[in-house]
Protein chains: 2
Amino acid sequence: MATPQLTKNQTMVMDALSHSEGPMSAYTILDKLRDQGFRAPLQVYRALDKLLEYGLVHRLESLNAFVACTCPHEHEQDHGVTAFTICEGCGQVTEFHDTAIEQRLSALTRAQNFKTEKTTIEIRGHCQSCA
Amino acid sequence: MATPQLTKNQTMVMDALSHSEGPMSAYTILDKLRDQGFRAPLQVYRALDKLLEYGLVHRLESLNAFVACTCPHEHEQDHGVTAFTICEGCGQVTEFHDTAIEQRLSALTRAQNFKTEKTTIEIRGHCQSCA
DNA sequence: CAATTGATGTAATAACATTACATTAAAACG
DNA sequence: CGTTTTAATGTAATGTTATTACATCAATTG
Ligand SMILES: [Zn+2]
Ligand SMILES: [Zn+2]
Ligand SMILES: [Zn+2]
Ligand SMILES: [Zn+2]
C-alpha cells in the first residue's frame with residue numbers, strides 16, 4: 001500500500017513524533033499539539049491509527065507509547081518483523097530488523113499452525129551510555 | 001530466588017489465573033475475587049507484582065493482561081526469554097521458549113552494547129482452529 | 001517488649017483508550 | 001455543476017488500566 005498524502009492532523013502528529021527525542025504517549029502528543037489546535041485525545045488516536053497503518057509509526061506495547069519509524073527504506077509496504085531496544089535510563093529507542101529472527105519465529109509458528117498477523121519484540125534494559 | 005510461601009491474596013490471584021482458560025486483566029481478576037473479599041485494584045496489582053517477580057505469572061504487554069506460567073520446569077529462577085502466540089479468535093495463549101531466538105537476540109544486543117533486562121515477544125494472529 | 005519489615009485495606013487520582021454523535025471536507029459520479 | 005458517498009474532524013462522555021497516599025495489621029527480629 002503506497003502511503004497517501006497525510007491529512008492536517010496526521011501531519012501534525014507525524015511531525016511531533018519525528019522531532020521527538022524518544023517515544024511519546026498519545027496524551028503527551030496531545031499536549032504538544034494543544035497550541036496548534038488539538039483539543040481531544042481522539043484527534044491523536046485517529047491520526048496514530050492511520051500512521052500505524054501506513055507503517056510510518058510504531059507502537060511500543062510495553063510503554064503505551066509511539067515512535068516514528070526509523071527504517072531507512074521507504075514505507076511502501078510491510079517491513080517484516082520490527083524489534084526495539086528500549087533504554088530504561090535515557091529512554092532511547094532503537095529499531096532493528098533481523099531476518100534470522102524472522103525466519104526462526106516463522107518456523108516456530110508454522111510448527112504450531114499459527115497464522116501470524118503481528119509480531120511484537122521489545123527489549124528493555126540499558127544502553128551503552130546508561131549501563 | 002526460591003519461591004516463598006504465597007500469602008492469602010497471592011494465592012487467590014494465582015488460583016484465579018491457573019483456573020482460567022486464557023489471560024485475564026487485573027480488573028477481571030478483581031471481579032472474579034470480589035465474593036472472596038477483594039475490594040480494590042491494588043489488592044490484585046500487589047499480588048501480581050509478587051507473582052511476576054517469582055516467575056509464576058507473565059504479563060502480556062499487548063493485551064494488558066496476565067497469564068499463569070505454563071513452563072514445565074520449576075520456577076526456581078529466571079527462565080530466559082519467554083515468547084507467546086496469542087490467538088485473536090479464541091484468546092488462546094501459548095508460551096514457548098527457544099534458545100536459537102535467545103542467542104540471536106543476545107548477539108544483536110551485545111553488538112550495540114545494550115544490557116538486556118527483560119525481553120517481550122508476543123505474536124498475535126490466529127491459531128489452527130481459528131484460522 | 002520495642003523496632004523493623006512486609007502485607008493488607010481503602011480512597012482518591014492519574015494515565016491510557018474508546019464509544020457515540022454531530023459536523024465538515026474531499027472524492028466520485030451523473 | 002450539483003448530488004451522492006466516503007473520509008476526516010470536533011466534542012463530550014465514558015470506559016479501562018494503573019498508581020499514589022495514607023492508615024492499619026501481622027510477622028520477624030533483636
Ligand atoms: Zn520501522
Ligand atoms: Zn540509555
Ligand atoms: Zn513461563
Ligand atoms: Zn484460536
Item checked: T7(A) vs dT9(D): side-chain N/O to OP1/OP2 distance below 4.0 Å -> yes

When every non-hydrogen atom of P23(A) is compared with those of L63(A), the smallest separation belongs to CG-CD1, 4.0 Å

*Are the side chain of Q43(B) and the backbone N or O of A40(B) linked by a donor-acceptor pair below 3.5 Å?*
yes

By side-chain contact (heavy atoms from CB on, under 4.5 Å), E95(A) pairs with (sequence neighbours left out) H58(A), C69(A), T70(A), C71(A), H79(A), T82(A), F84(A), H97(A)

L6(B) CG to dA27(D) P, in whole Å, measures 16 Å

Q. Sub-3.5 Å donor-acceptor pair from the side chain of Q112(A) to the main-chain atoms of T109(A), do we have one?
A. no

Atom CD1 of I29(B) and atom P of dT16(D) are separated, to the nearest Å, by 16 Å

Exercise for the section: Return the stacking result for dT16(D) and Y27(B): yes when the ring centres lie under 5.5 Å apart and the planes under 30°, no otherwise. Expected result: no

Would a distance-only check, ignoring hydrogens and angles, find a side-chain to backbone donor-acceptor pair under 3.5 Å from E122(B) to E61(B)? yes

Notebook entry, point to check: Phosphate oxygens OP1/OP2 of dA8(D): is one of them under 4.0 Å from a side-chain N or O of K50(A)?
Noted result: yes

The first and last nucleotides of DNA chain C lying within contact of chain B, meaning any atom under 4.0 Å from one of its heavy atoms, run from dA7(C) to dT10(C)

Nearest-nucleotide check on DNA chain C, N64(B) vs P41(B); residue mapping nearer the 5' end is P41(B)

Separation of dA27(D) atom P from Q5(B) atom CD, nearest Å, is 13 Å

Check: Between the side chain of Q10(A) and the main-chain N/O of T7(A), is any donor-acceptor distance below 3.5 Å?
Finding: yes

Check: For residues R124(A) and S62(A), is any side-chain donor paired with an opposing acceptor at under 3.5 Å?
Finding: yes

- Query: Which part of the nucleic acid does R46(A) contact within heavy-atom distance under 4.0 Å: base, sugar-phosphate only, or nothing?
  - Reply: base

Between CD of E61(A) and P of dT17(D) the distance, given in whole Å, is 14 Å

Here the distance between atom C1' of dT20(D) and atom CG of D49(B), to the nearest Å, is 14 Å

M12(A) CE to dA8(D) P, in whole Å, measures 15 Å

Between CG of N9(B) and P of dC25(D) the distance, given in whole Å, is 16 Å

